[in-house]
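All remarks here apply to the structure that follows.
Chain letters run A, B, ... following the sequence lines, proteins first and then strands; every chain starts at 1. Being a predicted model, the structure only gives us computed values, none of them experimental.
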There are 2 protein chains.
Amino acid sequence: MATKKDDRSQDGRKKKEQRKRNRPDAPLRDVLRVPEGERLDLTAYDASATPAGPAGKAAGLAATAALAPRLANLQERLYASSTAGDRRRLLLVLQGMDTSGKGGTVKHVIGLFNPSGCRIRAFKAPTPEERDHPFLWRITKALPQPGEIGIFDRSHYEDVLIARVRALAPRSELGRRYDQINRFEKSLADDGVTVVKVFLHLSYEEQRNRLLERLDNPEKHWKFNAGDIEERSVWPAYREAYEIALERCTTDEAPWYVVPADRKWYRNWAISTLLLEHLEALDPTYPPGDFDVEECRRRLLAT
Amino acid sequence: MATKKDDRSQDGRKKKEQRKRNRPDAPLRDVLRVPEGERLDLTAYDASATPAGPAGKAAGLAATAALAPRLANLQERLYASSTAGDRRRLLLVLQGMDTSGKGGTVKHVIGLFNPSGCRIRAFKAPTPEERDHPFLWRITKALPQPGEIGIFDRSHYEDVLIARVRALAPRSELGRRYDQINRFEKSLADDGVTVVKVFLHLSYEEQRNRLLERLDNPEKHWKFNAGDIEERSVWPAYREAYEIALERCTTDEAPWYVVPADRKWYRNWAISTLLLEHLEALDPTYPPGDFDVEECRRRLLAT
């Protein structure tokens, strides 16, 4: 039950968060994070904006390339640390409409990492076996192991997105899933998984451009699905489903980030930067050896 | 039973293969391939050689970087083709002594591909569950799907390598495994899997250098295992086990390649080039769309 005091403290919190976001040196995670306990109106977000980003495409490409060695080094430290029992790992969840750039993010951002430490899973429509299990079953099987970076191209959120838009489950069942997801993600956090959830925010117009590009290039026809045109007719229903999912499932343990995705260079820079900030916060360290260096050197030189 | 005629025809085949290898424009796969039906003497192979390679390190790094776009394009075509039912895929098997560069190959060569189409598996000592199954069981579960590039960092060959050196199975059982492996790889080839098996040929001296480097750098201590020094005492037994495995399991369906691995730049160039040659031989093509382009464009522009 909301009281005046609650309203006031919520207002205070809102203002505090806004100030945090607007500081010129604010981490990108503060700038792009979906605030908790507020209504989310995606129409108020400009999909072609470049919040806190480099000045333009050339600068953006250069800035992203410059992040590569830092990302690779942090990943190596995370993996190295896991060999000494550190259970921490990172999970990047990518959601967005068709052509919003989930695949492009894997190629250009995850391509900056050492592939041996990445566990990538693209979720399609569930198989009959998957449908016979609770919706989180297939998700649990695809989680990153300690030291790894996991990437979900689509995820358990499909079960409150397309499932809602296409009424693939009873409304009461859908309603329960948000809490199930929050409990699930809380348990991941408790087990050392840093969950970074990115909504690739694409405009209706830019999706049309990208679909036309695919049509115009025979080498991209394999990516084109005539059903993608159909889906555009329910665009507002998808936007609403995203708004509800992001609102209800942005938590301290697993926040949602809205990344404007009309400009590919910004998308790549922003996601690289979000990953960098989260990995730097983990600050994994190379574990010390459990052997006597001098003795090993002597023995080795004797061989 | 060998007759004089067999000997002569085998001699003829040998000479023909040698001529093939020595042609200045010979594909690298002909240069590095382990010939069938001959004794293999690894001591006759120089681990620091650069057969058919670029003139030096700088040229080698540049040549490898220049292959990247061609590799990525072929990979995309392979994947695209699989969406139209093409079952073909590639499996790179990496074997070699500790520090020979299996992990480095994944980082630097596989890092040139789109990570979403790569299925990487590092095989460690078998788990209790894996030991309860035939040795090919865990291998079968890790195979690339159609359109993918699979990478095995170690493989089923451990079951005739360390298993032989450390007598982890009865000799009679070991003896049967070579044929089992050949039948298994033949069945893979029949199912559309191009198997590329690479032995990273490292010298005893270069292994010492690399282990010393790990000892001298605290950031590499996590990679160091004091047991690796122990293993050096059975180096000749490993060499023999490799010679037998490569001799008996180099087949037309799944040939072995010996890649000199003392120079990392050559190793990366050579494996990139082997992959390129195999992917070019597959020559996968973008599948045509199964939709009416003009009609789709009209419908799309109406949205």
Side-chain angles (χ1 to χ4, degrees), chain A residues 72-73 76-77 79-84 103 106-108 110-120 122 151 153 204 207-208 211-212 214-226 228-230 232-233 235 285-297 299-303, chain B residues 72-73 76-77 79-84 103 106-108 110-120 122 151 153 204 207-208 211-212 214-226 228-230 232-233 235 285-297 299-303:
Chain A
N73 175 263
E76 185 177 90
R77 282 157 49 189
Y79 184 81
S81 187
S82 78
T83 65
V106 173
K107 182 173 174 180
H108 295 287
I110 302 309
L112 304 175
F113 291 98
N114 182 335
S116 73
C118 298
R119 189 175 293 255
I120 304 168
I151 301 94
D153 174 343
Y204 187 69
Q207 188 190 54
R208 186 195 295 115
L211 289 173
L212 280 173
R214 290 186 181 175
L215 275 178
D216 288 342
N217 183 349
E219 296 197 345
K220 291 190 172 175
H221 281 182
W222 66 279
K223 289 187 183 182
F224 187 87
N225 188 332
D228 295 350
I229 305 177
E230 226 60 65
R232 285 172 61 76
S233 65
W235 183 276
T285 52
Y286 290 108
D290 58 350
F291 48 84
D292 180 328
V293 175
E294 275 319 309
E295 191 220 327
C296 282
R297 186 179 285 120
R299 278 171 51 213
L300 184 54
L301 287 170
T303 65
Chain B
N73 175 262
E76 184 177 90
R77 281 157 49 189
Y79 184 80
S81 186
S82 78
T83 64
V106 173
K107 183 173 172 179
H108 295 287
I110 303 309
L112 304 176
F113 291 98
N114 182 336
S116 72
C118 298
R119 188 175 294 256
I120 305 169
I151 301 95
D153 174 343
Y204 187 69
Q207 188 190 54
R208 187 195 294 115
L211 288 173
L212 280 173
R214 289 185 181 177
L215 275 179
D216 288 343
N217 183 350
E219 297 196 344
K220 291 189 173 177
H221 281 182
W222 66 278
K223 289 187 184 183
F224 188 86
N225 187 331
D228 295 348
I229 305 179
E230 226 61 66
R232 283 173 63 77
S233 65
W235 182 277
T285 51
Y286 290 107
D290 58 351
F291 47 85
D292 181 328
V293 175
E294 275 319 308
E295 192 221 326
C296 283
R297 186 179 287 119
R299 278 173 49 212
L300 185 53
L301 287 171
T303 65

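- In this structure, the portions of A:Phe224 lying under 4.5 Å from any heavy atom of chain B include both its backbone and its side chain.
- Heavy atoms only, all atoms of each residue included: B:Ser116 and A:Val106 are closest at CB-CG1, 3.7 Å.
- Heavy-atom distances place no part of B:Asp290 under 4.5 Å from chain A, backbone and side chain included.
- Proximity to chain B is absent for every atom of A:Asp292, based on heavy atoms less than 4.5 angstrom apart.
- Looking only at heavy-atom pairs under 4.5 Å with chain A, the residue among B:Pro115, B:Ala302, B:Gly103 that has the most is B:Pro115.
- Heavy atoms of A:Cys118 lying under 4.5 Å from chain B are absent altogether.
- If you tally non-hydrogen atom pairs under 4.5 Å between each of A:Cys296, A:Gly289, A:Ala226 and chain B, the highest count goes to A:Cys296.
- Annotation: maximal heavy-atom pairing with chain B below 4.5 Å, among A:Leu112, A:Asp216, A:Asp153, occurs at A:Asp216.
- Taking CD of B:Gln207 as the reference point, atom OG1 of A:Thr303 lies at 8.0 Å (rounded to 0.5 Å).
- For A:Phe113, no part lies near chain B; criterion is any non-hydrogen pair under 4.5 Å.
- Contacts between A:Arg297 and chain B at a heavy-atom distance below 4.5 Å involve backbone atoms as well as side-chain atoms.
- Interface remark: B:Arg232 contributes side-chain atoms only to the contact with chain A (heavy atom separation under 4.5 Å).
- A pairwise comparison of heavy atoms in A:Leu301 and B:Leu212 identifies CD2-CD1, 3.7 Å as the closest pair.
- No other option in A:Ile110, A:Leu211, A:Leu300, A:Ile151 has as many heavy-atom pairs under 4.5 Å with chain B as A:Leu300.
- Options A:Glu294, A:Glu219, A:His221 differ in how many heavy-atom pairs under 4.5 Å they form with chain B, and the most are formed by A:Glu219.
- Looking at A:Thr83, the atoms closer than 4.5 Å to chain B (heavy atoms on both sides) all sit in the side chain, from C-beta outward.
- Most heavy-atom pairs under 4.5 Å with chain B: of the set A:Thr285, A:Ile120, A:Asn225, A:Leu215, this distinction falls to A:Leu215.
- Atoms NZ and OH, on A:Lys223 and B:Tyr79 in that order, are 10.5 Å from each other to the nearest 0.5 Å.
- Taking chain A as the reference chain and counting heavy-atom pairs below 4.5 Å, the highest number among B:Asp228, B:Ile229, B:Val293 is found for B:Ile229.
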